[in-house]
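Note on naming: letters A, B, ... go to the chains in the order of the sequence lines (proteins, then strands), and numbering restarts at 1 for each one. Heavy atoms only: backbone and side chains are in, while hydrogens, waters and symmetry mates are out.
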Amino acid sequence: MRSDGLELVARDVSVQFEGLKALSDVTLAVPRGGITGLIGPNGAGKTTLINVLTGFQPVGAGSIELEGEPLNGIAAHKLRHKGVARTFQSGRLFRDLPVVDNLEVTGVGLGQTRRDAIAEAQRVLAWLGISSLANTIAGALPYTDERRVAIGRAIMCTPRYLLLDEPAAGMSEHESHDLAAIIRRIAGELNVGVLLIEHNIGLVLELCERIFVLDSGEIIEVGTPAEIRDSDAVRHAYMGTQRDELIPPIVAEAAVAS
Amino acid sequence: MTDVLQIVFDALSLGSLYALGALGIALIFGVMRLVNFAHGDFIAFCVFAMLWPSIDAAAIVFAGRLPFYLLIPLLLLIGAVLSILSEIVVFRRFRNTNPATMMIASFALGFVIRHLLLMLYSSRPKSITLWPSLGLPVEFLGAHIPMLQVVTIMITLVVLVVLVLFLKRTRYGLEMRAAAENFTMARMLGVRANGVILLAFAISGMLAAAIGLILATNSGTADIGMGANVMLIAFIATVIGGLGSIPGAVAAGFLIGAASVVFQATLPHDARVFRDAFVYGAVIVVLLVRPQGLFAPKSAKQRV
Amino acid sequence: MTLLAVDDITVSYGRLTALRGVTLKIDEGEILFVTGPNGAGKSTLLNAIAGVVPAGSGSIIIDGARVTGNSPEDIARRGFSLVPEGRNVFGALTIEENLKVGTGMRRDRKRIADDLESIYEEFPMLAERRRTPAGMLSGGQQQMLVIGRALMAAPRIMAIDEPSLGLAPKIIDQVYEILVRLRAQRKLTLLIVEQSSTRAMMTGGRMVLIRGGRIVLEGAAADMIKDDRLKQAYFGFGDH
Amino acid sequence: ADEIVIGFATAASGFMQAYDKPAQDAALIRIDEINKAGGLLGKKIKPVFADTKTDQAEGAKAGLAVLDQGADLVIVSCDYDFGAPAALQAQAAGKVSFFLCAESIKAGIPGVGPFSFSASVLAAVQGATMSEWAYNKKNARTFYRLLDSWTVYNKGICDGFDWQLPHLKEAKLVGSDTFKNDDASIASQITRIKGLPKEPDAIMLCTMMPGAVSAIKQIRAAGIKSMILNGSGVDGSYWLNATPDLSNFYVPVQGSVYGDDPNPKVNEFNKKYKEVTGGDPSSQYVYPGYVLIDVWAKAVERAKSTDAAAVVAELEKMNNEPTLFGPRTFTKEIHHQNQGRYLIVNTEAGKPRVVDQWTISEKIPVDYLVSK
Amino acid sequence: MSTRPSVIRQTIVTPIILIVALLIMAALTYQFGSRAFNRTAVEMFINIMVVVGLYVFVGNSGLLSFGHISFMCLGAYMTAWLAIPPVMKSITLKGLPAWLLHTQLPMWVATPISGLFAAIFALIIGRVIMRLSGIAASIATFGLLGVVNNVYSNWDSVTGGQGSIVGIPPTMNVWIGWLGATAAIVIAYLYSISRSGLALRATRDEAVAASASGINIVRERLIAFVVSAFIIGLAGALYAHFLSIVNPGAFYLRTTFVTLSMLVVGGMYSLSGAVSGVVVMSVLIELFRNLEKGISLGGHTIALPNGAQEIAIGAITIVMLMYLPTGLSRNREFSWRGWPLQRPLARPVQTALKELN
Ligand SMILES: Nc1ncnc2c1ncn2[C@@H]1O[C@H](COP(=O)(O)OP(=O)(O)OP(=O)(O)O)[C@@H](O)[C@H]1O
Ligand SMILES: Nc1ncnc2c1ncn2[C@@H]1O[C@H](COP(=O)(O)OP(=O)(O)OP(=O)(O)O)[C@@H](O)[C@H]1O
Ligand SMILES: [Mg+2]
Ligand SMILES: [Mg+2]
């Protein structure tokens with residue numbers, strides 16, 4: 001963990017659902033300005049961990065700290081005020097509202113006037129390159145655009161931390177590249193600490209500085225992309241044994257693209 | 001001791017009535033997310049079906065004269081047909097709409113039925129005599145319990161068990177619950193959704209008829225508004241029982257009945273007129289403590 | 001033999017036309033991949049075949065019978081099973097009940113139990129938690145469940161809208177393995193919306209690329225991947 | 001004008017219709033009689049109508065509608081709550097209004113104003129009459145009070161009972177309970193009665209239709225045999241088959257619909273009513289409609305004008321003015337009857353019959369009534 | 001990319017259109033209507049207040065409330081307590097505290113106080129109820145209605161119990177009604193363009209995402225609850241002045257459902273819907289009432305049988321909802337631009353699947 005303390009930390013967190021141990025003694029830190037990856041098989045507890053970090057899931061044991069400040073039991077909306085933003089695995093846009101209002105809502109929720117929030121929303125949309133969607137009602141968006149708008153909503157008013165739950169799901173390789181660029185800019189230009197959950201392992205390996213691997217609620221590996229790629233435990237639990245040839249080409253391609 | 005027993009029976013019998021009502025509401029709510037505010041008027045309609053339309057003060061009994069083995073099936077049939085018709089003519093067209101829209105449509109339907117009855121029969125309550133022998137008390141451990149109470153409780157329990165088994169154990173029940181949750185997805189899995197929904201309506205209509213019979217036997221009157229109260233309590237019971245939980249709805253029906261009886265029995269005299277305020281207050285408290293309802297299935301709480 | 005034929009269908013959402021004259025043919029036992037950029041109309045195509053989105057014009061024929069405008073349950077009963085985008089589990093039903101919903105239309109009642117067992121074998125996690133309400137599952141677990149559920153209906157044509165959505169790589173392998181095996185065993189016909197062209201290439205089969213509601217490219221998956229035209233067609237020129 | 005207009009702002013549809021219509025028919029019969037006898041002040045009476053639709057806001061409009069047609073007398077819905085809006089309009093227009101059969105003290109000066117009257121007798125008088133009569137004639141000593149808190153009318157009966165009881169030396173209230181008209185079951189109220197060490201001599205049942213039938217049925221089904229005393233609201237035989245062989249059941253009425261009224265003219269009226277409307281009067285609530293035209297017409301004759309102030313002055317002079325259905329008294333303080341002769345109808349084995357008549361020994365004080 | 005004009009400039013036409021349209025109706029009524037018709041118009045204006053008040057809460061939060069009519073009850077009784085001459089109060093409402101017994105305030109003062117009273121009550125009770133969501137919240141509001149009705153029906157010394165209390169000076173005409181409706185529309189409009197209004201609309205179908213956007217759902221709901229209670233409290237006060245008698249039965253289920261129906265028929269998510277629902281339903285009701293009374297056609301009078309009006313209104317409501325399930329306004333606001341044509345926005349089409357997710 002970083003010495004300057006600018007990180008969002010889950011320390012020894014355990015969560016249990018009626019006998020099912022969703023998380024046991026998980027410790028994970030998301031540093032400001034960097035991209036941290038979180039991978040793991042289905043049902044490993046990744047989403048649950050994000051829920052914990054954003055106040056949607058009370059912890060059974062352990063604690064959450066935001067840059068040194070303990071945050072246990074704080075309501076989700078207050079955490080957002082403190083600068084912890086997230087997206088959802090299942091989109092969750094405000095379906096009745098136009099895209100720009102979807103973003104504006106967050107600004108307003110964070111205390112901006114409507115005028116400021118609208119200006120900010122338009123700035124963010126432009127920054128993401130999706131200004132053309134501004135007036136579409138969110139309910140009519142195709143799946144992939146939903147994800148982009150969700151990210152836009154989350155980075156309104158520049159949070160300190162951004163937790164992304166499978167943002168690239170359903171995207172083609174090309175589309176996930178665009179996304180990768182955006183995530184990189186969010187971390188770099190906006191100095192946001194990003195936690196990225198993805199099953200698109202290529203994307204994770206490409207983007208993250210540090211990757212946590214979760215299996216059955218436990219962290220089984222932490223390391224740099226290279227370490228993770230080579231870890232047998234990860235390969236066994238997660239990537240599938242025969243098909244690891246899937247990974248290199250994408251990484252190679254990514255290197256070319258960037 | 002006998003006092004307590006008496007209260008228990010009073011609570012059970014009132015509770016059964018609410019529970020039967022809650023079943024009828026919960027079933028339809030289950031398949032269509034529709035709170036059928038016309039249910040109370042279905043109840044009244046079934047009762048009035050025993051009388052010949054006339055605005056005279058004295059009732060002209062019609063089907064009410066039939067022997068019970070004909071009357072009961074006939075009335076259940078009337079309830080089922082009315083309910084099915086309402087589905088085909090009205091509710092079918094509201095399948096994909098907002099629950100509030102459906103609710104108002106059901107309310108409007110009830111309004112139409114009510115005023116139709118008003119036109120045909122006038123607002124004056126009519127008297128009906130059904131099975132006077134059911135009014136006689138039976139003795140049970142020193143308590144005097146009207147036969148009708150016993151019958152009501154038994155009917156409720158039987159209906160409940162049959163319905164729960166039906167929903168839990170049969171393919172139809174499974175399909176009904178699936179359609180309830182995600183209508184289109186169920187259809188994409190080959191569930192014949194219209195049939196399933198019609199069945200739910202038919203059962204609900206029969207339950208309305210059953211309540212009508214019990215109310216009419218108990219009170220000896222047919223009154224335009226006679227189902228309204230049961231419907232409202234049933235609606236509340238459906239929610240505090242835990243939406244989507246049939247046993248929950250029934251249990252909550254019993255609970256509200258019990259609360260009402262217990263408040264009536266224990267409140268000091270001057271506070272007794274405020275009994276309903278206590279009952280409604282208790283409902284609010286229950287909701288605050290268990291917003292998903294008392295017996296909500298685990299799934300009722302959406303995960304993030 | 002052609003099992004599914006889509007002839008010149010058009011679908012509109014209000015004033016927006018999502019599909020403009022799409023024509024497709026799938027033979028029995030074939031795999032057809034559908035790919036294309038965001039908003040191209042892939043999901044719309046599948047939904048239109050399943051009968052949940054009305055087709056404005058054109059016709060859809062399954063096994064020789066015209067099913068345009070038929071109800072979704074009728075289409076399902078003719079052996080078309082769709083795993084839609086966005087999961088759609090029955091959250092309040094248990095895992096096992098979810099798996100059983102679609103078995104109502106099967107004639108071979110006896111084999112239901114066997115099939116259930118084999119699904120459980122493939123996805124042990126589902127077996128472990130068979131009495132859990134499906135709404136509690138994680139995203140990927142739900143995806144496994146809906147694929148399992150569609151298989152339980154013993155379809156002749158299985159359409160999946162992005163099978164890999166939210167699945168761990170290892171599980172994706174497994175899903176494809178099952179599909180390929182069933183195709184071999186039961187002549188299961190597959191219609192898959194897949195974003196990963198690598199995956200499509202490895203699986204083999206035919207591929208169509210949809211963009212702007214039209215089929216713009218068609219061919220064997222393996223060839224198309226190599227083909228530069230795929231990338232060009234994907235991004236299109238001049239529009240966007 | 002060469003005619004006198006009487007406006008009916010009553011319910012022709014909705015819940016109140018069933019209660020307004022019979023009394024209105026009776027009023028029309030009286031109007032017809034007057035017209036046949038040459039009219040009032042030599043002019044024909046012309047009735048005009050507006051439907052209140054059993055709705056308060058609509059009631060006010062109905063009042064205005066008949067006033068706009070020149071009504072000198074506005075007859076309003078039977079129930080105080082539904083009749084008052086129209087009566088208030090009449091009051092504001094300076095016209096006399098009569099409630100068809102409201103039995104609350106407010107249906108008059110305290111509620112509407114100095115030009116408003118009711119032709120019936122106060123509900124409280126019914127409660128008082130029944131208890132005093134039962135005490136004196138039936139030797140009832142222990143009383144149980146069961147109030148249906150649904151309407152003011154019900155409360156009124158029990159208020160009269162409450163007022164009367166302390167005047168009856170040896171009478172004792174052994175219990176009191178409430179229920180609501182639409183309660184699906186009153187089992188727990190009955191349990192309370194059955195829990196008494198001894199069955200009360202009389203149960204004062206303050207309720208009305210439709211809950212009354214249900215309550216009576218349940219009380220008798222539970223085996224409680226006490227005499228049941230009621231208000232007039234349960235008069236009529238139309239519901240008796242719901243409680244077969246009902247006995248020991250007493251109702252006060254202004255006139256008998258059962259053909260055995262001690263006054264033969266009442267029986268004649270019943271016949272006439274049947275001729276006109278095609279049905280027998282269903283309850284005593286037919287009669288106040290007749291009475292109101294009767295007393296108003298008399299007052300007009302005496303005042304020789306339909307001017308409201310003059311007519312009211314004449315009405316207020318009436319002291320035990322005989323009518324077909326008992327005497328009527330109006331004063332400057334009260335435009336309603338706080339004492340009145342009642343026939344007592346007893347139902348035995350399902351057959352109602354007039355068995356007695358009774359007038360309470362003391363008027364119920366206006367202060368007491370208004371304060372309730 | 002052009003910057004959008006400010007929110008107010010974009011939306012202000014809606015309230016203006018509504019208010020002007022109502023003004024025209026008021027003027028026509030005043031000029032040509034009979035006294036009874038004037039009352040019909042006033043009743044409509046009061047209903048507009050109630051339904052607009054309902055819209056503030058129901059429309060913005062998406063929670064169906066069965067409890068708002070109790071605020072009307074509160075407002076009406078508060079007005080009764082304040083406006084009835086002390087002599088009358090001391091007889092019928094003996095239980096009132098002395099200071100209240102001895103005050104008598106004119107309409108202009110009593111009305112806002114009544115609105116405030118309802119709002120304060122809503123603030124207290126809302127802190128508890130607004131924690132609930134979905135149908136549980138609806139039932140809790142229903143409980144509120146039950147409690148208020150039961151208390152007001154039986155607390156004889158303070159409310160006069162079941163019976164009507166009289167003596168409220170009848171000071172109402174179309175202009176005051178119009179003013180009331182205008183006030184309601186303005187408040188509702190300001191609320192709906194406020195930050196709270198936007199935030200609340202976001203919670204409507206995505207409460208989880210809303211809290212992830214920093215929105216305190218309970219607080220926003222509470223604000224809407226209080227604002228709507230204020231509007232409906234005002235409506236109750238005007239109703240009391242309109243009818244000059246109040247009784248608890250007028251503020252119970254029937255009114256609850258009638259007003260909710262008007263809201264849904266109009267379109268529950270838009271202010272224009274709230275207003276047009278009331279206007280259209282009122283016009284239809286009046287039309288059928290006149291048909292019931294009979295209209296003469298060439299010497300013949302044709303009249304519907306009594307009671308046909310209610311049946312017709314019920315049936316028409318069903319049919320309207322069948323064809324316009326999102327209401328007459330289709331949940332949109334009136335505006336010059338694009339009206340009555342569709343607004344140039346891509347809108348989700350209700351397809352079976354989209355709707356479910
Ligand atoms: N509210 C809950 N009740 C019961 N079980 C739950 C609940 N939430 C999560 N779980 C269980 O906890 C485990 C972890 O779920 P989680 O959603 O965190 O997984 P995940 O790592 O995000 O998986 P995926 O990659 O598939 O999205 C799963 O087995 C899930 O079924
Ligand atoms: N219910 C709807 N209402 C209105 N427009 C819709 C609706 N559903 C889809 N669309 C529009 O139809 C077009 C095609 O959408 P579709 O979902 O079929 O795309 P897709 O190819 O599946 O995209 P993705 O890869 O993002 O899932 C898009 O422009 C989308 O905005
Ligand atoms: Mg997850
Ligand atoms: Mg798609």
Side-chain angles (χ1 to χ4, degrees), chain A residues 17-20 22 39-48 88-91 132-133 136-137 139-148 165-166 168-176 178 197-202 215-216 234-247 249-250 253, chain C residues 13-16 18 35-44 84-87 123 125-126 128-129 131-133 136-145 161-177 193-199 201-202 209 225 230-231 234-235 240:
Chain A
F17 298 113
E18 287 140 15
L20 178 100
I39 60 173
N42 296 121
K46 304 180 295 296
T47 301
T48 306
F88 294 91
Q89 198 166 355
S90 47
S132 59
L133 299 179
T136 318
I137 302 290
L141 290 177
Y143 206 75
T144 325
D145 284 335
E146 273 185 13
R147 262 130 227 290
R148 287 193 250 259
D165 199 350
E166 303 195 18
M171 289 193 179
S172 68
E173 285 126 41
H174 314 283
E175 285 163 348
S176 37
D178 295 348
I197 296 184
E198 244 319 316
H199 289 302
N200 182 341
I201 187 76
D215 186 15
S216 310
V234 175
R235 185 187 299 256
H236 181 75
Y238 183 55
M239 294 189 196
T241 39
Q242 325 94 332
R243 294 277 183 247
D244 45 352
E245 60 268 29
L246 264 178
I247 300 159
I250 293 173
E253 210 176 306
Chain C
Y13 298 109
R15 289 182 301 159
L16 181 141
T35 189
N38 171 29
K42 306 179 293 293
S43 304
T44 303
E85 189 173 47
R87 306 201 177 95
F123 304 114
M125 170 260 127
L126 295 181
E128 266 165 44
R129 307 186 66 190
R131 308 246 174 276
T132 312
M136 298 292 114
L137 295 180
S138 80
Q141 292 168 335
Q142 293 189 4
Q143 182 74 2
M144 289 178 221
L145 177 60
D161 203 343
E162 313 213 9
S164 44
L165 198 76
L167 289 182
K170 193 174 159 183
I171 306 289
I172 303 179
D173 288 351
Q174 214 176 320
V175 166
Y176 270 96
E177 249 165 55
V193 172
E194 179 55 272
Q195 291 289 17
S196 157
S197 39
T198 330
R199 175 72 63 187
M201 179 191 70
M202 289 185 314
L209 188 134
I225 279 293
L230 181 68
K231 205 175 271 174
Y234 210 104
F235 292 116
H240 215 57

What part of Ile39(A) is in contact with chain C, defined as an atom under 4.5 angstrom from a non-hydrogen atom: side chain, backbone, both or neither?
->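 For Ile39(A), neither part sits under 4.5 Å from chain C.
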Roughly how far apart are Asn200(A) CG and Gln195(C) CD, rounded to 0.5 Å?
->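 If I round to the nearest 0.5 Å, the distance is 11.0 Å.
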Between Gly140(C), Ser164(C), Ala18(C), Gly39(C), which shows the greatest number of heavy-atom pairs under 4.5 Å with chain A?
-> Gly140(C)
So which part of Arg148(A) gets closer than 4.5 Å to some heavy atom of chain C, the side chain, the backbone, both or neither?
-> side chain
Top of Gln142(C), Glu128(C), Glu162(C) for chain A proximity - count of heavy-atom pairs under 4.5 angstrom = Glu162(C)
Where do Ala168(C) and His199(A) come nearest, in terms of heavy atoms and distance?
-> CA-ND1, 3.5 Å
Contacting moiety of Ile171(C), where chain A heavy atoms sit under 4.5 Å | side chain
Structural part of Met144(C) lying under 4.5 Å from a heavy atom of chain A =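 It is the side chain, since no backbone atom gets that close.
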Checking Met171(A), His174(A), Glu175(A) against Pro37(C) for side-chain contact (heavy atoms from CB on, under 4.5 Å), the one that qualifies is Glu175(A)
Find the distance between CG (Leu20(A)) and CZ (Arg129(C)) and round it off to the nearest 0.5 Å.
-> 4.5 Å
Sub-3.5 Å donor-acceptor pair from the side chain of Asn42(A) to the main-chain atoms of Gln141(C), do we have one?
-> no
Who pairs with Gln89(A) by side-chain contact (heavy atoms from CB on, under 4.5 Å), at least two apart in sequence or on another chain?
->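 Partners of Gln89(A) by the side-chain contact (heavy atoms from CB on, under 4.5 Å) criterion, ordered by chain and then number, come out as Thr47(A), Asp165(A), Glu166(A), Arg87(C).
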Among Gly139(C), Ala40(C), Gly166(C), Gly41(C), single out the residue with the greatest number of heavy-atom pairs under 4.5 Å to chain A.
->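 The residue among Gly139(C), Ala40(C), Gly166(C), Gly41(C) with the greatest pair count is Gly166(C).
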Identify, with sequence neighbours excluded, every residue that meets side chain to side chain donor-acceptor pair (under 3.5 Å) alongside Ser43(C).
-> Glu85(C), Asp161(C)
